[in-house]
Amino acid sequence: MEQTSTAKLAADYLRLGGRRLAKIDDNHVSTRQWKHETRAAEAYWNAHIAPLDEKRRDEVITHLPTINDV
């Protein structure tokens with residue numbers, strides 16, 4: 001099955017050592033980060049995910065592991 005563009009962004013971010021976790025509560029989507037991520041992951045987030053409009057960024061976040069998974 002082919003990944004959506006937002007799933008691919010999330011997968012690439014995680015592959016680079018991204019540590020952000022999704023927090024989804026009452027239809028509010030955000031991220032939490034307790035561990036340091038790699039410089040490559042941070043740069044990728046800032047270049048490819050942070051600039052997205054809120055709806056697309058939220059779609060990417062929903063593909064990250066959630067705080068309930070840890």
Side-chain angles (χ1 to χ4, degrees):
M1 181 193 266
E2 190 172 324
Q3 285 185 324
T4 63
S5 61
T6 54
K8 184 172 177 354
L9 286 168
D12 289 344
Y13 165 74
L14 293 171
R15 181 181 51 78
L16 291 169
R19 300 287 199 156
R20 296 171 198 237
L21 300 173
K23 179 177 184 271
I24 304 168
D25 186 35
D26 293 334
N27 296 327
H28 295 281
V29 178
S30 62
T31 60
R32 297 293 187 264
Q33 184 178 0
W34 289 278
K35 298 179 183 177
H36 294 290
E37 59 190 2
T38 65
R39 288 183 189 165
E42 182 178 6
Y44 187 86
W45 183 276
N46 291 334
H48 299 284
I49 300 170
L52 296 173
D53 63 74
E54 183 178 3
K55 182 179 181 212
R56 299 256 308 147
R57 189 172 48 252
D58 286 353
E59 288 177 26
V60 173
I61 292 169
T62 63
H63 293 288
L64 298 176
T66 70
I67 59 174
N68 296 330
D69 292 340
V70 289

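Side chains are part of it too, since the values below use all heavy atoms of this structure and drop only hydrogens, waters and symmetry mates. Remember, it's a predicted structure, so these values are computed and weren't measured experimentally.
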Looking at [X] and [Y], what are the two nearest heavy atoms and their distance?
X: Arg20; Y: Glu37; result: NH2-OE2, 3.3 Å
X: Ala22; Y: Ile61; result: CB-O, 3.2 Å
X: Ala41; Y: Gly18; result: CB-N, 3.4 Å

What's the spacing between [X] [atom1] and [Y] [atom2] if we round to 0.5 Å?
X: Leu21; Y: Thr31; atom1: CG; atom2: OG1; result: 8.5 Å
X: Leu9; Y: His63; atom1: CG; atom2: NE2; result: 9.0 Å
X: Gln3; Y: Lys8; atom1: CD; atom2: NZ; result: 7.0 Å
X: Leu64; Y: Ile49; atom1: CG; atom2: CD1; result: 7.0 Å

Side-chain donor or acceptor of Arg57 paired with backbone N/O of Leu52 under 3.5 Å: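 Side chain of Arg57 to backbone of Leu52: a pair is present.
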
Should Ser5 and Arg56 count as side-chain neighbours, where that means a heavy-atom distance under 4.5 Å? yes

Sequence neighbours excluded, every pair satisfying side-chain hydrogen bond (donor to acceptor under 3.5 Å, both in side chains) that has a member inside residues 42-55: Asp12-Tyr44

